[in-house]
Number of protein chains: 2
Amino acid sequence: MQGQNISDIIEEYLKRILADTRQVEIKRSEIAQLFNCVPSQINYVINTRFTIQNGYIVRSKRGGGGYIRIAKVNLINDADVLDDLIDVIGDNISFSQAFQIIQSLFEDSVLTQKEANLILVAIDRRTLDFEDKRVENAIRARILISILNRLKYDG
Amino acid sequence: MQGQNISDIIEEYLKRILADTRQVEIKRSEIAQLFNCVPSQINYVINTRFTIQNGYIVRSKRGGGGYIRIAKVNLINDADVLDDLIDVIGDNISFSQAFQIIQSLFEDSVLTQKEANLILVAIDRRTLDFEDKRVENAIRARILISILNRLKYDG
DNA sequence: AACTTTTTGACTAATATTGACTTTCATTAT
DNA sequence: ATAATGAAAGTCAATATTAGTCAAAAAGTT
């Protein structure tokens, strides 16, 4: 696919592990060395690709014996997570953030591929392209929250 | 066909690749260099010749390892019926009119019950409740049109 | 001439990479 | 115990690397 940049490659590496096990525990510096990049790049990958919007929870510890642990959460049987997502959305959300949420819902089989695609075009940048970017993000938030609330009822 | 200008030549080049593979992934600057034109000309070619009406969808990413991906999609049989609906919608539509459209698409099995319901909450009055009713109807029209365009192809 | 399409480039936006500096925690020395 | 040291991970801002937008200029058509 599009494995051009290092971040994508690291993402893929971690997700491949997470496909089998429910959780990974890494040492930041080791992974950095493995992929020949600076340690903070691992943070970048985590912050952009392993957020709660993506369906992951990350915990870490500093100091000697430190680690970063990434765990996949399930959105179906965890209704609280849906509410957390609604909180995260608040009153505005960018498309890329929204995309991550929809993708997570698809991966957890809350949405079919087609349902996810229809929602995505509905909240696409071009669709909601109005005078002000804040307006765009506000409308998107409202649509998304309406949909998430609907999903709480008939799954 | 008549390869006079650069845009036509680039179009032909890309379509030749797409005749074999289902999708192309390019680097904008590379193609620009290959055809000795400015990068933004690639955008022009894409915007004028690789639209959904022509049966293509385009996705891109900026930043390091960025790309433009063009994929050929097969338009469904009644794509022009959807085009007619899009014409009817124009640039604004009330909820009740939109409801009728969604309902008829459900009756024609273009949409499942759940898909229809999700679309309906997305374009509901309460979701799109804004200061001005005309703004509400305009946003609804754009969302609906995006969805209808998406329904023109599957996958 | 009027109109449409194409070409160009300056400016903008998004995403990724890097490194200096900070914080936290565990272990060792006093 | 407490302090000092070192070993992690975190933050943040600067820089780099792409693609997108828009409108003016140029070229082509009618």
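Order of the sequence lines fixes the chain letters, A, B, ..., with proteins taken first and strands second; residue numbering starts at 1 for each chain. Fair warning: this is a prediction, and the values are worked out from it, not measured in the lab.
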Colleague: Which pair of non-hydrogen atoms, one from A/Phe50 and one from A/Asn54, has the smallest distance, and what is that distance?
Modeller: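 Between these two residues, the closest heavy atoms are N-ND2, 3.7 Å.
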Colleague: Reckon A/Thr48 has a side-chain N or O less than 4.0 Å from the OP1 or OP2 of C/dT15?
Modeller: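 No, A/Thr48 has no side-chain N/O under 4.0 Å of OP1/OP2 on C/dT15.
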Colleague: Pick base, sugar-phosphate or nothing for A/Ile6, based on heavy-atom distances below 4.0 Å to the nucleic acid.
Modeller: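 Answer is sugar-phosphate: A/Ile6 comes under 4.0 Å of backbone atoms only.
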Colleague: May I have the distance from B/Tyr44 (atom OH) to D/dA26 (atom P), rounded to whole angstrom?
Modeller: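 Interatomic distance, OH of B/Tyr44 to P of D/dA26: 17 Å.
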Colleague: How many whole angstroms separate atom CD of B/Gln4 from atom P of C/dT6?
Modeller: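 Answer to the nearest Å: 12 Å.
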Colleague: Closer than 4.0 Å, any side-chain N/O of B/Gln41 to the OP1 or OP2 of C/dT6?
Modeller: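 Checking B/Gln41 against C/dT6: no side-chain N or O falls below 4.0 Å of OP1 or OP2.
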Colleague: Look at all strands and tell whether A/Gly66 reaches a base, only sugar-phosphate, or nothing, counting heavy atoms closer than 4.0 Å.
Modeller: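 A/Gly66: backbone/sugar contact only, no base atoms under 4.0 Å.
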Colleague: Please determine whether a side-chain nitrogen of the Lys or Arg among B/Asp91 and B/Arg142 lies less than 4.0 Å from a carboxylate oxygen of the Asp or Glu.
Modeller: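 Between B/Arg142 and B/Asp91 there is no salt bridge, as every charged N stays at least 4.0 Å from the carboxylate O atoms.
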Colleague: Between the side chains of B/Asp83 and B/Lys152, is the shortest nitrogen-to-carboxylate-oxygen separation below 4.0 Å, so that they form an ion pair?
Modeller: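 Counted as a salt bridge, because a side-chain N and a carboxylate O are separated by less than 4.0 Å.
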Colleague: Check whether any side-chain N or O of B/Ser7 sits under 4.0 Å from OP1 or OP2 of C/dT5, and answer yes or no.
Modeller: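 False: B/Ser7 side-chain N/O out of range (4.0 Å or more) of C/dT5 OP1/OP2.
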Colleague: OP1 or OP2 of C/dA16 versus the side-chain N and O atoms of A/Arg49: is any pair under 4.0 Å?
Modeller: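 Result: yes.
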Colleague: Would you mind checking if B/Asp20 and B/Lys15 are paired as a salt bridge, meaning a charged N to carboxylate O distance below 4.0 Å?
Modeller: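 The answer is no: the pair does not qualify as a salt bridge.
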Colleague: Between A/Lys61 and D/dG10, is there a side-chain N or O to OP1/OP2 distance below 4.0 Å?
Modeller: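 For D/dG10, neither OP1 nor OP2 has a side-chain N or O of A/Lys61 closer than 4.0 Å.
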